[in-house]
Colleague: 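This is the structure I have questions about; it appears just below.
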Amino acid sequence: MIFQLAGWAALVKGGIETIVEFFTDLDHAFYLGTAVIIFLIEAIILLFVVAAIMFWQKRSAFETSNKVKDFFIASLVGSIVTLSFILVQRWVPEFGYRIEAGGVVFFILGLIILAVSKWVNKRFRITT
């Protein structure tokens, strides 16, 4: 799941940068230290979200609950997680080695990571 997060993040970043660079003058540099810290923070957030979903499913399977209350709680949690993914990108300062890479490089890297992740999942029957 972590590799899929990295793959999708690189794919989306590469796609957006490739489209945006046609319209603006975009700086293609990223900082290695910043990228690692952001990835680790987002992976931890993702693990907490998966744990919360598993807890919620366990609770809802054996107890009756109010559907409206569950909807608002799910909306609130989803909004907080989305906001945290956005704010982590903005609040982590830039440090580490500066690497120049265009959007196409990230797009191809994302495709490679997703392909390897899919192959590993099929090979070891981790997920479908």
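Just so you know, these numbers come straight off a predicted model, no measurement behind them.
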Colleague: Quick one: closest heavy-atom pair of V104 and T18, and the distance?
Modeller: N-OG1, 3.5 Å
Colleague: For E100 and A29, which heavy atoms make the closest approach, and how far apart are they?
Modeller: OE2-CB, 3.5 Å
Colleague: State the CG-OG distance between D70 and S75, to the nearest 0.5 angstrom.
Modeller: 10.5 Å
Colleague: Hey, could you give me the CG/CG distance between L5 and L47, rounded to the nearest 0.5 Å?
Modeller: 9.5 Å
Colleague: Return the CD1 to CD distance between I38 and Q89, rounded to the nearest 0.5 Å.
Modeller: 4.5 Å
Colleague: With the 4.5 Å side-chain cut-off for hydrophobic clustering, are I53 and F48 part of the same group?
Modeller: no
Colleague: I want to check something: taking the side chain as every heavy atom from C-beta on, are R98 and L32 in contact at a cut-off of under 4.5 Å?
Modeller: no
Colleague: Please round to the nearest 0.5 Å and tell me the distance separating atom CG of L87 and atom CD1 of I41.
Modeller: 11.5 Å
Colleague: Taking everything shown except F72 itself, do over 12 heavy atoms lie less than 6.0 Å from its CZ?
Modeller: no
Colleague: According to a hydrophobic-cluster definition based on side-chain heavy atoms being under 4.5 Å apart (Ile, Leu, Val, Met, Phe, Trp, Tyr only), do W91 and L83 belong together?
Modeller: yes
Colleague: Compare all side-chain heavy atoms of I37 with those of F95 and state whether any distance is below 4.5 angstrom.
Modeller: yes
Colleague: Are V105 and I108 connected in the hydrophobic side-chain network, where two residues link if heavy atoms are under 4.5 Å apart?
Modeller: no
Colleague: Locate the shortest heavy-atom distance separating Y31 from G96; write the atom from each residue and the value.
Modeller: CD2-O, 3.7 Å
Colleague: Between F107 and L11, is there a side-chain heavy-atom distance shorter than 4.5 Å?
Modeller: yes
Colleague: Answer yes or no: is there a side-chain heavy-atom contact under 4.5 Å between Q4 and N121?
Modeller: yes
Colleague: Show the nearest heavy-atom pair for residues S84 and I45, with the distance to one decimal.
Modeller: OG-CD1, 3.7 Å
Colleague: To the nearest 0.5 Å, tell me how far L111 CG sits from F106 CZ.
Modeller: 13.5 Å
Colleague: CG of L76 to CZ of F71: how many Å apart, nearest 0.5 Å?
Modeller: 11.5 Å
Colleague: Cluster question for you: counting only ILVMFWY and a side-chain heavy-atom cut-off of under 4.5 Å, with indirect links fine, are V120 and I112 together?
Modeller: yes
Colleague: Closest heavy-atom contact between F3 and I113?
Modeller: O-CG2, 3.2 Å
